[in-house]
2 protein chains.
Amino acid sequence: MKDVAAHAGVSQSTVSFVLNGMVGMRIAAETRQKVLNAVAELGYRSRGAGRPPNALSKRVIGFMLDEISTSPFAAISIDGAQEEARKHDALLEIVMTGGDPDYEAAALRKWAADGVNGVIYGSILTRKVAPPDMLTRHRAVLLNCYDGTDRYASVVPAERRGGEAATKALLAQGHRKIAFISGEPWMDASRQRKEGFKRAMQKAGLEIDLALVREGNFLPSGGRSATLDLMKSGTRPDAIFCANDLMAVGCYEALKELGERPGETIAVMGYDDQEIAQHLSPALSTVLLPHREMGQWASLVLLDETSRPPVQARMECPVVLRASHG
Amino acid sequence: MKDVAAHAGVSQSTVSFVLNGMVGMRIAAETRQKVLNAVAELGYRSRGAGRPPNALSKRVIGFMLDEISTSPFAAISIDGAQEEARKHDALLEIVMTGGDPDYEAAALRKWAADGVNGVIYGSILTRKVAPPDMLTRHRAVLLNCYDGTDRYASVVPAERRGGEAATKALLAQGHRKIAFISGEPWMDASRQRKEGFKRAMQKAGLEIDLALVREGNFLPSGGRSATLDLMKSGTRPDAIFCANDLMAVGCYEALKELGERPGETIAVMGYDDQEIAQHLSPALSTVLLPHREMGQWASLVLLDETSRPPVQARMECPVVLRASHG
DNA sequence: TTTTATTGCTAATAATAATTAGCAAACTTT
DNA sequence: AAAGTTTGCTAATTATTATTAGCAATAAAA
């Protein structure tokens, strides 16, 4: 900053006043422009040092996420966290780490030096994580993940209860031969949705017919081929519960190729309420994942500065009844 | 930090050494734990002031975006920018602003104080923007937007050339009665894709048949109803060019409902290569939007510290030929 | 003309945290 | 036992930037 001052022919104090637009400090427009020109010409960048401002700076929450582009839900979580941050006049700074521990540590170090108010540590897939050591330097919340300790607060969707509710909605329509197309079995979400399906069927006193259970891949192709397989098996289902909406897209395709009318000749239930669900024909009945609400929750926990013990939360996944489950 | 020192019974110097893990400074494990406990108990947060470290800190790029959850492309841009940042050992910090000028200004102020190396100012829709005044404090790049000046470098997709290439691919298959389902006409992307379609048709010496042009809404429902309308009109198309992939999903639905076989009895071309495109049946031929490459480009411009005049770039949108355009 | 108010800056000081220079105690080697 | 080395800290100083206290020049009012 001293070099900027020399270059502009003013004092270091004046440079500081220009750059920070301090209330009550009058600076001539010409002087101001001279300083800004010098800043640009010299490529001045603050070292983030010096005397801290008197004014309380805006609160800042760091949000660390492993991935963002492979599913729409991370973006929705970000929206939720951002909404609450904005309501509380806080900044949300997001870093995508790709799960790289060195990158995570670097970001956490920067945030410690910046004095952020807390960190949301998020995962795109619902899973158990091993949080980085540096996270202990921050108040932190685990979002869509958990570490199996009570060290940090955490929030995940209540997938079993979601699967149960979706199956109940089909049962309530009188369906009894309900087929289930699962996702990949190594994923928390896939396993738990299936467990919810089973629980609802058992509570209704119905046996699970293994001929009506298929393993899919969470993609339209998996839903389509599983549906084609189901429809040519010996037992015709009266409803198909797909463990995610993308597979329901493929299920719709297969049914239409076979001359069926989803929602009329056979019911379809999806899961995760992707944007496309409401735009399918007929509009898909599904289960809403609470990613927005979980993001909001995470922000609120960090913005609430009273001292509370960490909570491990499971958030409800409400059923969204449209036109395909009848 | 003085309070932490007092609480832990050590000097301020020791607290600094503990928190920064300085190379060559030996601290006993017990002392270290006492300091970390005091930090946690007192909720110490750095004011971001004091003496700047000798070591050059990691470079940091700020990435400011208006929205993220309403389309998958922003996330892909982030991935691109992130990849290049990581390759160059830089941190990428992302802030979602919702287009709020005050929020933008607050983030830019924080970044000026942090001394970030540059700012990517991005927009989820391709459009003309009015960058915030505070952006002049930073080296900056406009991503998927432009401001009509040469003040900042900018990059947008070459939508016209993309629309042209897609139409050419259909023409190359012998299609001559090509229908076009546009998006909403106020959007840059929608207008330019249609202009590319027209240009290719004119270059091929073909008249545009207005009976084969429909306005859609960029959603599956728009594609479905436009397709049903087209198929019952007097002129049967041999190909349908949908101005985005979501409308192509709806187009497929309508065609299958009518007993058609996309890619066999009638060709379909999408645009924007959403993830779902490759998983449809048949796999959708489409045009790839260069969001990842644009993100990479933006990062590279900021990480390149040689002085160059700002460039206004238009990035190619390559055709992705799968199974639906034949 | 004299007095008062306004404008626009600077020198000096202040606020944090990083680093240097040094020291005392404990341990190891001769 | 004496000399040399290692360990683990502290006091003092340093590096950057923000703010206070004050002043000189100019403009406006009496």
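Reminder, nothing fancy here: chain letters follow the sequence lines and each chain counts from 1.
Taking the six-membered ring for Trp and thresholds of 30 and 60 degrees, W111(B) and H138(B) have ring planes more than 60 degrees apart, a perpendicular arrangement.
Mapping R51(A) and V15(A) onto DNA chain C via the closest heavy atom, the residue that lands nearer the 5' end is V15(A). Of the residues near DNA chain D, S13(B) and G50(B), the one whose nearest nucleotide (by heavy atom distance) lies more toward the 5' end is S13(B). Residues N54(B) and V10(B) each lie close to DNA chain D; by heavy-atom proximity, the contact nearer the 5' end of the strand is made by V10(B).
The nearest whole Å value for the distance from the CZ atom in F17(A) to the P atom in dT16(D) is 20 Å. Computed from coordinates, the Q12(B) CD to dT14(D) C1' distance equals 12 Å when rounded to whole Å. One can place CG of D114(A) at 13 Å from P of dA17(C), the figure rounded to the nearest angstrom. Whole-Å rounding puts the D3(A) CG to dA15(D) P distance at 14 Å. With rounding to whole Å, E30(B) atom CD is found 11 Å from dG8(D) atom P. Atoms NZ (K34(A)) and C1' (dC9(C)) sit 11 Å apart, rounded to a whole Å. Atom P of nucleotide dT10(C) and atom NZ of K2(A) are separated by 15 Å, given to the nearest angstrom. Whole-Å rounding puts the N20(B) CG to dT19(C) C1' distance at 11 Å.
Side-chain proximity of R26(A) to dG8(C), dA17(C), dT19(D): nearest is dG8(C). When distances are taken from the side chain of T14(B) to each of dT10(C), dC9(D), dC9(C), the shortest belongs to dC9(D). Nearest to the side chain of S11(A), among dA18(C), dT10(C), dT17(D), sits dT10(C). Closest contact between the side chain of P52(B) and the listed nucleotides dT16(D), dA18(D), dT10(C) involves dT16(D). Nearest nucleotide to the R47(A) side chain, out of dT19(D), dG8(C), dT17(D): dT17(D). Across dA18(D), dA15(D), dT16(C), the shortest atom-to-atom separation from the side chain of S16(A) is found for dA18(D).
An OP1 or OP2 oxygen of dT16(D) is reached within less than 4.0 angstrom by no side-chain nitrogen or oxygen of Y44(A).
Around atom CZ of R314(B), no more than 12 heavy atoms belonging to other residues, nucleotides or ligands sit under 6.0 Å away. Annotation: D100(A), atom CG; neighbour count of heavy atoms from other residues, nucleotides and ligands within 6.0 Å is above 12.
When side chains are defined from C-beta on, L143(A) does not count as touching W297(A), because their heavy atoms never get closer than 4.5 Å. Two residues are said to be in side-chain contact when any heavy atoms from C-beta on lie closer than 4.5 Å; Q296(B) and E83(B) meet this criterion.
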